[in-house]
Q: 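Before anything else, here's the structure in question.
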Number of protein chains: 4
Amino acid sequence: MVRKSNSRLQSAAATPRARRRDRQRDAILHAAAQLFRERGFTDTGMRDIAAAADLSAANLYHYFDGKHDLLFYCQDRALDRMLDAVATARRAAASAPERLRSVLVAHVRTLLDDIEGATAHLQIESLPPALRTAIVRKRDRYERALRRLIADGVRSGELIDMDPALVARAMLGAMNWTVTWFRPEGADTAAAVGDVISRYLVRGVAMRTPATKRQLSVVRRPS
Amino acid sequence: MVRKSNSRLQSAAATPRARRRDRQRDAILHAAAQLFRERGFTDTGMRDIAAAADLSAANLYHYFDGKHDLLFYCQDRALDRMLDAVATARRAAASAPERLRSVLVAHVRTLLDDIEGATAHLQIESLPPALRTAIVRKRDRYERALRRLIADGVRSGELIDMDPALVARAMLGAMNWTVTWFRPEGADTAAAVGDVISRYLVRGVAMRTPATKRQLSVVRRPS
Amino acid sequence: MVRKSNSRLQSAAATPRARRRDRQRDAILHAAAQLFRERGFTDTGMRDIAAAADLSAANLYHYFDGKHDLLFYCQDRALDRMLDAVATARRAAASAPERLRSVLVAHVRTLLDDIEGATAHLQIESLPPALRTAIVRKRDRYERALRRLIADGVRSGELIDMDPALVARAMLGAMNWTVTWFRPEGADTAAAVGDVISRYLVRGVAMRTPATKRQLSVVRRPS
Amino acid sequence: MVRKSNSRLQSAAATPRARRRDRQRDAILHAAAQLFRERGFTDTGMRDIAAAADLSAANLYHYFDGKHDLLFYCQDRALDRMLDAVATARRAAASAPERLRSVLVAHVRTLLDDIEGATAHLQIESLPPALRTAIVRKRDRYERALRRLIADGVRSGELIDMDPALVARAMLGAMNWTVTWFRPEGADTAAAVGDVISRYLVRGVAMRTPATKRQLSVVRRPS
DNA sequence: TATGAATGAGATTTCATTCAT
DNA sequence: TATGAATGAAATCTCATTCAT
């Protein structure tokens, strides 16, 4: 579903040399994202990241320009996945609630999958202005898309009339908050959390019809 | 509505000296909470707080044991207000959705009112173990109360059958997230945000009946 | 034996007002000396001293000019007692070893008696130049007297020919070191320690004659 | 005589990198010990040590865990040398007074040699509990050995019957005190001081026989 | 006399980053 | 590519001392 994400990072990788470099960059980003999520940006040291990625702190600077750069790419990568989800949802011929749900599910999974420890939407204020505007622009693009999805549903009568901006933010908050309490080793899987929470969040704006209700309960067990 | 909160801090204040001290402590906590919320705990310096509260950095230590102590009291105070709201809601003879809503409204207002710049639920991991357990205990008490409010509604048939723990967390996330985007000088008031977001969040679990719907629109303008 | 010590401090104390002031000064010095001895000058805070003397830190400055002043008086008082002992010893018609011993005994007791928690010879380098020279002068006067006592004994043939300066310093070191390990609640009394250590230290330079030997064992149990 | 001391610090030093590192560590310890001895632990700043060792204050933390760690290694190294001296003395077939003297001479030289500015026995109370117990244990081992040396002499009739514990402490005090007055640029060499002071200290407990007397004057030769 | 409030200077330590190898 | 060594800036916190009451 999510294909060429972080394309800026993983170039075609012609030479083995380049491939190795890309693998290292991925490992570093993975370690950084996990630590950023767990302890926060400021409380994560370059040495911590280096240790987690199994190289020296000085060597990190051969792969990234610095700590801010790491945060930037973590967020950038996550936002790319989320935007992909939006594009996919929009192409799918489905009802507004269904489209909305698929986006929300993708959002939660991007955040929680341990493969991609992402930190989108989080810690943006820790970025220096130059990088921040780039991320903010992309984030805003994502939020606008989400808002538009809601607004479209309202217009089509599939969703009730509530301020799309505020509803979108409430959805984002509920989802981003999951990184605070979700534990991979816990009882719930990331997929289950995404499934239930997205159902709840959509239900808050979905126009109630017997049909819709049933529909929702059917979708229950995804992948 | 919320009266006896932070009683540990604001004693009767018999002497003028003690009164002045309490005023200073409040001013400091206020400044600290605002900065913690804006920049995060680690990125807020004692100097910043001192400057905002208009005294020297060293003098902060005359009123509080340290930076952690400041964070502790910010959170403690906010949680007290929220627990008050829960107690009030429970006493009120009303429907489950109504009780739930009044708690959510109080939660948002506690977070956003500029009078009381609070940081409940946020940055708990920045506390040292001793203080953390105290806050975590109180926070868990609050979350349990919220979950029970939901579970009770499910049992009484007023709310649909969804995992109360997860729904509670989704609500908390949506509300806590408001501190990242809400600006007092913006178009919406804190009260308006609390009103709309709580309606949305309750609707996600409310059993749909024409009565309920009307009820909700009526409650509209809270204090 | 030691009479008008610290005469500079305890004036005739005519008025009750003055008497009370003197009592306070004594209490403060006592507390300070004990703490200085236990933790060292730099690691003892004015607040610690204030707490031990049961008054506020600010109030200390009504009785003494500052921390250095406290240290100065502690040392000054102790040196006065020791100089008294030297004078007494010199007046006493006795053998050189006996005179030496009485000085050493007085030295140890001045250091260990809990009534007078003294810190002579210790921490002199912590004093600012102005106060330091005064103390150093007095201390040197004391050390010179001790050296002279030894040199006289050498000249009279009662002590063996060893560098009096070095022997004096060895004696001082052995005695001053007692404050490091002596515990009032321990098995040995301050008097016993002074008795035995002074015997040992004198024996190291005493010319051995059967008479001398017996003499020493007789002096055994002083007050 | 003392060879394998501080083996934990100076490993075989295979690589040139490691060798350089060891040299730096030694330089730092040397500077620290000298300053600790001169001004005391608390009154010596990391900046002072850094300046004396000719590197930045921050870089000290590359070589040692902190100020306490520096003090710990200073003391540990000195105690190792002293314990070495005890072992050597015990192996040597010699009279009790001779064995005792060789230990005392080694002790003084360990303290005074400017090559190894040591601070054993001093400032132990400035260490945090964890490090303190380690040092205290080693120090106690050394003191016990010294006491045993004395007690053995008493039992064999070579030394007079005096409390070995108190005599040992007196010896330690006299020797440790040397660091307060000894100046390398002064008239006496460290060797001369060690020679004379040890003779004095042994004489205080030595059973007097003509033979012993002559023996003692013969041992003279310190390097 | 007595004290809470206040502060400037300075302490140790951390950290992102650069440099030499 | 890789890393130990090195550093300047900044962080929290302590403390002797002064001031207003």
Side-chain angles (χ1 to χ4, degrees), chain A residues 17 20-21 24 41-50 54-71 128, chain B residues 15-18 20-21 23-25 41-50 53-70, chain C residues 17 20-21 24 41-50 54-71 128, chain D residues 15-18 20-21 23-25 41-50 53-70:
Chain A
R17 186 80 142 231
R20 181 168 146 62
R21 181 180 177 84
Q24 275 277 47
F41 177 73
T42 320
D43 291 337
T44 298
M46 287 299 266
R47 283 171 170 83
D48 299 326
I49 299 171
D54 206 46
L55 36 71
S56 73
N59 202 10
L60 285 179
Y61 289 82
H62 279 276
Y63 295 96
F64 291 94
D65 278 349
K67 201 180 172 190
H68 292 303
D69 207 37
L70 281 170
L71 179 57
Chain B
T15 78
R17 262 269 186 74
R20 185 169 142 63
R21 184 179 178 86
R23 237 183 304 127
Q24 276 276 47
R25 283 180 70 107
F41 178 73
T42 319
D43 291 335
T44 299
M46 288 301 265
R47 281 180 168 81
D48 302 324
I49 299 171
D54 204 46
L55 31 68
S56 74
N59 203 13
L60 285 179
Y61 292 85
H62 196 63
Y63 293 95
F64 291 94
D65 277 347
K67 200 182 172 190
H68 292 303
D69 208 36
L70 282 170
Chain C
R17 210 15 181 260
R20 180 169 147 60
R21 182 180 176 85
Q24 274 277 45
F41 178 72
T42 320
D43 291 337
T44 299
M46 287 299 266
R47 283 171 170 84
D48 299 325
I49 300 171
D54 207 46
L55 35 71
S56 74
N59 203 9
L60 285 179
Y61 290 82
H62 280 275
Y63 294 96
F64 291 94
D65 278 349
K67 200 182 173 190
H68 292 304
D69 208 36
L70 281 169
L71 179 56
Chain D
T15 77
R17 261 267 186 75
R20 186 170 142 61
R21 182 179 179 86
R23 237 183 304 127
Q24 276 276 47
R25 282 181 69 108
F41 178 72
T42 322
D43 290 336
T44 299
M46 289 300 266
R47 282 179 167 82
D48 302 324
I49 300 171
D54 204 47
L55 31 66
S56 73
N59 203 12
L60 285 179
Y61 291 84
H62 196 63
Y63 293 96
F64 292 94
D65 278 348
K67 202 183 173 189
H68 291 303
D69 208 36
L70 282 170

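By convention in this document, chain letters (A, B, ...) are assigned in the order of the sequence lines, proteins followed by strands, and residues within each chain are numbered from 1.
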Q: How long is the span from the CG atom in A:Asp69 to the OH atom in A:Tyr61, to the nearest 0.5 Å?
A: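 Reported value, rounded in 0.5 Å steps: 10.5 Å.
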Q: Using Watson-Crick and G-U wobble pairs with both distances under 3.5 Å, what is the 5'-to-3' dot-bracket string of DNA chain F, with [ ] for crossing pairs and | for pairs outside the strand?
A: .||||||||||||||||||||
Q: Quick one: closest heavy-atom pair of D:Leu60 and D:Met46, and the distance?
A: CD1-O, 3.5 Å
Q: How do D:Ser56 and A:Leu60 order along DNA chain F: which one's closest nucleotide is nearer the 5' end?
A: A:Leu60
Q: Provide, to the nearest angstrom, the distance between the CZ atom belonging to B:Arg21 and the P atom belonging to E:dG4.
A: 9 Å
Q: Out of E:dA6, E:dT3, F:dT1, which nucleotide sits closest to the side chain of C:Leu55?
A: E:dT3
Q: Take nucleotides 14-21 of chain F nucleotide by nucleotide from the 5' end and write B, S or -, depending on whether a protein heavy atom sits under 4.0 Å from the base, only from the sugar-phosphate, or from neither.
A: BBBBBB--
Q: Please identify each residue that fulfils salt bridge (charged side-chain N to carboxylate O under 4.0 Å, His left out) with A:Asp48, with sequence neighbours left out.
A: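 Partners of A:Asp48 under the salt bridge (charged side-chain N to carboxylate O under 4.0 Å, His left out) test: A:Arg39.
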Q: Could you tell me how far apart B:Tyr63 (OH) and E:dG4 (P) are, to the nearest whole angstrom?
A: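 Distance, rounded to whole Å: 12 Å.
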Q: Once you round it to whole Å, what is the distance between C1' of E:dT14 and CZ of D:Phe64?
A: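 D:Phe64 atom CZ is separated from E:dT14 atom C1' by 19 Å.
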Q: Going by the rule side chain to side chain contact (heavy atoms under 4.5 Å, CB included), which residues pair with D:Ala57 if we only count those two or more places apart in sequence or in a different chain?
A: D:Arg47, D:Ala50
Q: Using the test side chain to side chain contact (heavy atoms under 4.5 Å, CB included), find all partners of B:His62 that sit at least two apart in sequence or belong to another chain.
A: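 For B:His62 the side chain to side chain contact (heavy atoms under 4.5 Å, CB included) partners, ignoring immediate neighbours, are B:Arg21, B:Asn59.
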Q: Quick one: closest heavy-atom pair of A:Phe41 and A:His68, and the distance?
A: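 Minimum heavy-atom separation between A:Phe41 and A:His68: CZ-ND1, 3.5 Å.
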Q: Would you kindly give the CG-to-C1' distance between D:Asn59 and E:dC15, to the nearest whole Å?
A: 13 Å
Q: Which residues satisfy the side chain to side chain contact (heavy atoms under 4.5 Å, CB included) test with C:Arg20, sequence neighbours excluded?
A: C:Arg23, C:Gln24
Q: Does B:Gln24 have a side-chain nitrogen or oxygen under 4.0 Å from the phosphate oxygens OP1 or OP2 of E:dA6?
A: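 For B:Gln24, the contact criterion (side-chain N or O under 4.0 Å from OP1 or OP2 of E:dA6) is met.
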